[in-house]
Each structure stands twice: as C-alpha cells, then as structure tokens.
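Below is one structure; the comments refer to it alone.
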Amino acid sequence: MSLVLTNSMSGRKETFKPIDAANVRMYVCGPTVYDHAHIGNARPPVVFDLLYRLLGHLYGAAHVTYARNITDIDDKIIARAQESGRDIADITDHYTRIYREDMAQLNILPPDIEPLATDHIEPMIAMIKALIEKQVAYAAEGHVLFHVPAMPDYGKLSHRPRDEMVAGARVEVAPYKKDPADFILWKPSSPNQPGWDSPWGRGRPGWHLECSAMIKAHLGTEIDLHGGGQDLIFPHHENEMAQSECAHDHPFVRTWVHNGYVLANGEKMSKSLGNFHTVHDLLADFPGEAIRLTLMSAHYRQPLDFTKDGIAENRRRLDRWYRLIGGVEAAKSLPQTVITALEDDLNSPKAIAALEALAKPETADQLLAGAQFMGLLLEAPDVWFKAERSGGLDQQAVEALIVERRAARQARDFARADAVRDQLDAAGIRLLDRPDGTTDWERIGHD
C-alpha cells in the first residue's frame, strides 16, 4: 500500500507523491518559547514525529529532511520579558532548552533542522522586498503589509468566506491598511522592544513571514509536507501560503497536514482558558512513553479528550507490554500490520490495535519491533519498572527500606515488616517476594 494522507487543501485523502523521492521535505511549526509547553502543544510534535519515522521507513532516512522551527521573537515573548524584568534571550534560551528536554522524554526525535526566527532576519527582509516589487505588499507608517486583494485565490486553504476570515483573524483596524484583511509583514519597534534595521525603519517581522523565510532558506520554495495544529490553518498557514506563492510564482506546499485539538472536558485546551497541564509537570508523575501513547490513541485529525486517567491506563498497558519483552530481541522486520495502519492516513489507533494483537509471548519480538518503530518500549524492562517518576522514593531509599524489612522479618518483628511494606506500597513500589525473600521490586502506576 502507498502512503495516503488527508490534504487540508482538498479535504480529501490523497496518495502522497513527493516532488523528489530522494529529497522528501517536511516543515512543521514549532513552539513560541516564552513558557512551558502544555499537553496540547505536544500533540503536533508526536504526530509529525510518527510521520517522520514513517517517511524514513518508506523513502530511507537519508532522503527525508524534517525542519521544525523555534519562534524566538514574538509579542508574547516581549510581554513576558516586560512582566518579569528578564532579558528576552534569557527567556527564550531557558524555555527552548526545557522544550527540547521535554520532547526528548516523549521519545520525539530531534528534527534535522531547527531554525531560529532571529537567525533569519535578512531572508525575511529580502522576501518583503520581493513582495513589494511584485506589488502585492506595501509600506505604510513604518509597517509593511501584504495586500490580500492582490491574491485572487486567497482563502483556498481555510475555505472561509472573506467576511468570516476578517472576523476570525480579529484583524487590527488601522488607518494605514488599504484593506481590513491585509496582514503585517514588518512592524516598527519602540526603543524598549527588540528590533532590526530595515528599509522601512527599525522593526521586527510579522509571525507569518518568519516561517515562509525559514522554509525557503532550508527546504526551498516548494516543499512536500507542511504540518501543524488545526488552529494554524487560519490565519497563519493561509498567510504563509499567500506570501510564499506570490513571492515565488508557483505552489508552496504539496500536502498540508493538520492535527485536531486536545480537549479538556470537551473544551479546547489552551493557556488563555487555564484548562491545561504542562508536559513538564506531567512528566513528574508519568513516564514520557505513557504520555506519547495517550497522544497517539486518537486519530490525529480527531479531537483528543485528555485526562490523567487516560495516561494512567496507557501506563498500565505499557507495563503489560514491558513484562512480555523481558529478554526478547526485536524482530528484524517490522510488523506489516503496523505499517499498513500508518500508511492509511497515519492511523495510530489502528497501529496500536495491531501492537495489542502482537502482545503475547509467541509474538513478543514483533511487538517490540513495531512498538519501537512508534517510539515505544525503548527502555529496558528493569529500568522501566524501577524508574522514579515523581518526588517519591528514589532507588536508594527503596532498597534501604527493603533491607530494613528483611532485617525486621528475620527478627520476627512482623509488625515493622508489614509497616515498611505498606510504606512502599503507598509509594507505588511492588515487592517481588520469593520463597527465599525479596529479591526484586518495581514501580507501579498510580491510579
């Protein structure tokens, strides 16, 4: 079977055909680094990590280039710096490091290219100049704006009528705009804001322009895949496409792929609503693989209703799988049932069901191969079951209590031995007793 993906442009499943099978190029919008990523922010990295792995399997890892940017200049970052009194670089460096660490704990492979917006100011200025020369952009009062009516098919990605697009973008009503839908490519910076010299005065780029310039710089003017969350379709991706296609006079992206929202009790999870959990906090209580499995448990295009109970359930599933693979080597070939499921529009729930069908002793080697391909079962079982997930007892403390319990039992102080066992049980520690005494232990999930 060939890879089939739902293209947001057409709204239909389409057979994926790269521009050049020896050079498959994918770009995904990355984080704006001013705070910890919430669990909704983690869904696109997991979805597109899975797609990246699949593309590498189908075309060869050396023939796939995956770029995911870091937005390190943005009004939210500037506001955070002003509120906190911290330097902008200090904020962006801090949260970029935490983001990378958190994503690594979800077994997300690092992208091949991770460009910073602030490293691409000159390419952004060059693209603005090209748009002005083509008379699809104009300068006004220190701003440069893209003139939406100059692109007749603007809106072809989001499929929205013009009035709805203007309302949905919450556009700024400004006297310097020729049309209410026109969007900013460059804006002036005040003395206390970061800025760069340009032909239109000291200022900084608009958000949409950043991605277009970074894509051109690293992947070219037409790419195979562009991904991100559903909330980016409009206005971000619509505007990216408008400015890139007008600058280069040809199509920008072959296939647009967007994942659905993460919900909390039926509402979109967002920082503005305050109904979110950060990945950083969740990793204190749950293993990254359980969070990853939870984010893959719904089809990427569908909403995912997130609960901690769901993570706990997936941790128990992983516990069961880890018990099966002790002493097992992964099969040399990947299970075709897993690959076939993923080739069908990245159907991760079907792929997980295929893994579940392999979760038995006689096919544990295939379970391991398929799970590792999906970024799961990457730890040794003894490490998995002993890893500390929270601020509870560390390994040294656990083993000291086991020694104390053994001594109490030998002294026939069974009340103390039982008390130690209860203490360990409350901390999520299961003792693996044998007739000759306690020889091993493991952590269990907290329900």
Side-chain angles (χ1 to χ4, degrees), residues 5 7-9 16-33 44-45 47-49 51-52 55 59 63-74 96 109-132 134 136-137 144 146 151 153-154 156-158 183-186 196 204-259:
L5 294 169
N7 188 345
S8 300
M9 178 77 79
F16 175 68
K17 295 178 181 178
I19 300 164
D20 177 1
N23 183 24
V24 181
R25 289 158 291 166
M26 177 171 72
Y27 181 90
V28 175
C29 291
T32 300
V33 282
V47 167
F48 293 103
D49 176 73
L51 181 54
Y52 179 41
L55 292 169
Y59 296 97
H63 302 295
V64 178
T65 304
Y66 173 26
R68 187 187 68 215
N69 75 297
I70 299 287
T71 296
D72 59 345
I73 178 65
D74 182 86
T96 296
L109 299 172
D112 299 299
I113 304 167
E114 194 174 40
L116 300 176
T118 54
D119 288 341
H120 296 77
I121 300 299
E122 286 304 316
M124 294 177 200
I125 290 173
M127 183 171 283
I128 294 172
K129 288 179 178 178
L131 291 168
I132 291 175
K134 292 174 181 289
V136 294
V144 182
F146 183 92
M151 186 179 185
D153 58 353
Y154 181 85
K156 61 186 176 181
L157 178 61
S158 55
F183 60 86
I184 289 175
L185 302 172
W186 188 264
W196 292 263
R204 60 193 189 276
W207 173 40
H208 315 305
L209 181 74
E210 295 174 3
C211 287
S212 286
M214 286 185 280
I215 289 170
K216 180 187 177 184
H218 296 284
L219 300 178
T221 59
E222 184 179 9
I223 62 173
D224 298 290
L225 289 155
H226 195 320
Q230 177 183 332
D231 56 322
L232 297 183
I233 295 176
F234 185 84
H236 185 47
H237 288 166
E238 190 76 69
N239 292 350
E240 261 191 74
M241 181 168 59
Q243 63 205 10
S244 291
E245 293 193 352
C246 287
H248 308 306
D249 297 319
H250 59 66
F252 174 44
V253 174
R254 287 285 183 94
T255 304
W256 291 90
V257 180
H258 293 95
N259 63 270

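Just so you know, residue 1 is the first one in the sequence shown, and it goes up from there.
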Taking the side chain as everything from C-beta on, heavy atoms only, tell me whether [X] gets closer than 4.5 Å to [Y].
X: His120; Y: Glu210; value: no
X: Tyr154; Y: Asn239; value: yes
X: Phe16; Y: Leu51; value: no
X: Arg25; Y: Ile215; value: no
X: Met127; Y: Leu209; value: yes
X: Leu55; Y: Asp224; value: no
X: Met151; Y: Phe146; value: yes
X: Gln243; Y: Phe183; value: yes

For the [atom1] atom of [X] and the [atom2] atom of [Y], what is their distance to the nearest 0.5 Å?
X: Asn69; Y: Cys211; atom1: CG; atom2: SG; value: 4.5 Å
X: Lys216; Y: Ile223; atom1: NZ; atom2: CD1; value: 14.0 Å
X: Leu185; Y: Ile128; atom1: CG; atom2: CD1; value: 5.5 Å
X: Glu222; Y: Asp20; atom1: CD; atom2: CG; value: 11.5 Å
X: Asn259; Y: Asp231; atom1: CG; atom2: CG; value: 8.0 Å

Of all the heavy-atom pairs spanning [X] and [Y], show the shortest one and how long it is.
X: Cys29; Y: Leu232; value: CB-CD1, 3.7 Å
X: Met26; Y: Leu219; value: O-CD1, 3.8 Å
X: Val257; Y: Leu5; value: CG2-CD1, 4.3 Å
X: Ala117; Y: Met124; value: O-CE, 3.2 Å
X: Pro205; Y: Trp196; value: CD-CZ3, 4.3 Å

Exercise. Do we see a donor-acceptor contact under 3.5 Å between the side chains of Asp49 and Tyr66?
Worked result: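 Looking only at side-chain atoms, Tyr66 and Asp49 do not form any donor-acceptor pair under 3.5 Å.
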Problem set entry | Thr118 and Asp72 side chains, donor-acceptor separation under 3.5 Å | yes
Problem set entry | side-chain contact (heavy atoms from CB on, under 4.5 Å) between Phe48 and Leu225, intermediate numbers included | CA-CA 10 Å; Phe48 293 103; Leu225 289 155; over 6 Å; no
Exercise. His226 and side chain to side chain donor-acceptor pair (under 3.5 Å): which partner among His258, Arg254, Glu240?
Worked result: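 Among His258, Arg254, Glu240, the one meeting side chain to side chain donor-acceptor pair (under 3.5 Å) with His226 is Glu240.
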Exercise. Of Gln230, His237, His236, Glu238, which meets side-chain contact (heavy atoms from CB on, under 4.5 Å) against Phe234?
Worked result: Glu238
Exercise. Between the side chain of Asn7 and the main-chain N/O of Trp256, is any donor-acceptor distance below 3.5 Å?
Worked result: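 Yes.
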For this session: Would you check, one step at a time, whether the test side-chain contact (heavy atoms from CB on, under 4.5 Å) holds for Asp112 with Tyr52?
Result: CA-CA 10 Å; Asp112 299 299; Tyr52 179 41; 2.8 Å; yes
For this session: Check step by step if side-chain contact (heavy atoms from CB on, under 4.5 Å) holds for Ile125 and Trp186.
Result: CA-CA 8 Å; Ile125 290 173; Trp186 188 264; 4.1 Å; yes
Exercise. Crowded around Lys156 NZ? As in, over 12 foreign heavy atoms under 6.0 Å?
Worked result: yes
